[in-house]
Amino acid sequence: QCPWGVPNTTSVSCSLADVMSEQLAKELELEEENAAFPEVVAVAEGPFITGENVDTSSDLMLAQMLQMEFDREYDAQLRREEKKINGDSKVSISFENYRKVHPYDSDSSEDEVDWQDTRHDPYRADKPTTTPRKGFIGKGKDITTKHDEVVCGRKNTARMENFAPEFQVGDGIGMDLKLSNQVFNALKQHAYSEERRSARLHEKKEHSTAEKAVDPKTRLLMYKMVNSGMLETITGCISTGKESVVFHAYGGKSATEDKVIPPECAIKVFKTTLNEFKNRDKYIKDDYRFKDRFSKLNPRKIIRMWAEKEMHNLTRMQNAGIPCPQVVILKKHVLVMSFIGQDQVPAPKLKDVTLSSEDMKKAYYQVLNMMQQLYKECNLVHADLSEYNMLWHDGKVWLIDVSQSVEPTHPHGLEFLFRDCRNVSQFFQKGGVAEALNERELFNAVSGFNITADNEVDFQAEV
Ligand code: ADP
Ligand code: MN
């Protein structure tokens, strides 16, 4: 008998297959690795644009998003180094010039007011970062000149980022690729001729896709809102119109305590397609509120003014208690407001909803009331009022789409009002509301004028 007692014969049976199993080997290896290098850096899972809206095919955008993250870390590191070097010294050295100045990672406070700032054009391409004028970095024997082969090679690799987005450059930075000047110049030549070729080829195609989706810069702007936590997630597109694209998003947390972000938001992106604004400039050109700014502006800024106008008009309406989306934030040509609807389903437009005759009557009186309030209290004419821009939600009518609204003193203000009245009166008369005023009566009721002409031509002439 064995002096150490009976051995416990619960030996783990191990088949040859197990021993040979590659998968098992990998798992074991991974386990070992994990034990040796416990994960110190927990990568926070960043919120991301989700839903149908996600477009991972855009390398440029993904790259820019990553760049944004990288730049932030880089700058933070730089700040730490700056602090370390300066210490308590009275004379300090600034590393400002070495900071990654990324156009979309600028201070958000700057962003918040920059719709007012018409001097600075945020759309201007940013200058490529170069070696500082003096031509070298560091000091003593650590000096590195701009001709340094390694630095130069890396910089060339980084400069490939400036090639057209269609030009696949691969992850040269990730693998620390160093391109000699000769190679870089050859690539650059090739990239340019490719770009010209593809521009010719895709001129048409580009145009049509730009109609549907938003451009990368706008996506980046929206991503930034998600990244900052202001929006939880952007779920998808609700509407693509001629002048705007509207998205649904779940609200997140506000950076400031006093502001509450609605649980569901609508993001209205004003289209930056340059040919659209021409049709509408008569609204804004003659609006004295924008008068002295109009002539000096480029088309992009005019589009931002549309967004700005919608924001101001919505605020006025909100103050008067008219049911309408509540403004959350405006960034450039992207306006975030509260969502009218529930669980991602937007409230139906009046034209799409079948109301009982009772509700229809209720809706009519509400619209009449709102038009009067809009005119008298907000000093505004909607200027695009119709069953397309009224939503039925929560048993009442909500007004939307007020970027083109003007004050009654606008040279065409009353004309617009008359058109609004015609739309409203026709809609409700067709909808069987016997009490509905005709367009002329409605016009008088809203404006307080007393135009007595009994036919449309004379009436319009007087208007
Ligand atoms: P456009 O100028 O393109 O007509 P709108 O402001 O009318 O822009 O928005 C287009 C569509 O998007 C609307 O018809 C409506 O269905 C939807 N929408 C816009 N804003 C909201 C909102 N705040 N809540 C819910 N749906 C909205
Ligand atoms: Mn509309």
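Read the numbers this way: they start at 1 and go in the same order the structure lists the ligands and their atoms. Residues: numbered from 1 along the sequence shown.
- Using a 4.5 Å heavy-atom threshold, the side chains of Gln460 and Phe418 count as touching.
- Neither side chain, Arg316 nor Asn319, offers a donor N or O lying under 3.5 Å from an acceptor on the other.
- Residue Asn389 has at least one heavy-atom neighbour below 4.0 Å for each of these atoms of ligand 1: 7 (O).
- Here Ser244 does not reach the Mn ion (ligand 2): none of its N/O/S atoms is less than 2.8 Å from the metal.
- Ligand 1 places these atoms under 4.0 Å from at least one heavy atom of Met337: 20 (N), 23 (N).
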Check your understanding: Is there a side chain to side chain donor-acceptor pair (under 3.5 Å) between Thr218 and Asp215 once you walk through the steps?
Key -> CA-CA 5 Å; Thr218 309; Asp215 59 310; 2.4 Å; yes

Practice item. Step by step, work out the ring-ring contact (aromatic ring centres under 6.0 Å, His included) result for His410 and Phe416. Key: CA-CA 9 Å; His410 182 286; Phe416 296 148; 5.7 Å; yes

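- Within a 6.0 Å radius of CD in Glu358, other residues, nucleotides and ligands contribute 12 heavy atoms or fewer.
- Within Asp401, OD2 is the N, O or S atom that lies nearest to the Mn ion (ligand 2).
- With a 4.0 Å heavy-atom cut-off, ligand 1 is reached by the backbone of Asp401 and by its side chain too.
- Near Lys268, the atoms of ligand 1 lying under 4.0 angstrom from a non-hydrogen atom of the residue are 2 (O), 5 (P), 6 (O), 8 (O).
- Near Pro325, with a cut-off below 4.0 Å to any heavy atom, the atoms of ligand 1 are 23 (N).
- Note on Arg422 versus Glu456: salt bridge recorded, some NZ/NE/NH1/NH2 to OD/OE distance being below 4.0 Å.
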Practice item. Could you please spell out the steps behind the side chain to side chain donor-acceptor pair (under 3.5 Å) verdict for Tyr365 and Glu435? Key: CA-CA 9 Å; Tyr365 279 111; Glu435 294 90 339; 4.8 Å; no

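- Using a cutoff of 4.0 Å between basic side-chain nitrogens and carboxylate oxygens, Arg440 and Asp454 are not scored as salt-bridged.
- Counting heavy atoms closer than 4.0 Å to ligand 1, residue Ser403 contributes nothing at all.
- Polar contact with ligand 1: present for Ile340 (N/O pair, distance under 3.5 Å).
- In this structure, Ser338 has a heavy atom closer than 4.0 Å to ligand 1.
- Atoms of ligand 1 found under 4.0 Å from any heavy atom of Phe339 (numbered from 1 in listed order, with element): 24 (N), 25 (C).
- Pairing each heavy atom of Cys265 with each of Val328, the nearest pair is SG-CG2, 4.3 Å.
- Polar contact check, Glu310 against ligand 1: no nitrogen or oxygen pair lies under 3.5 Å apart.
- Among Gly241, Ser239, Ser244, the residue whose heavy atom lies nearest to atom 1 (P) of ligand 1 is Ser244.
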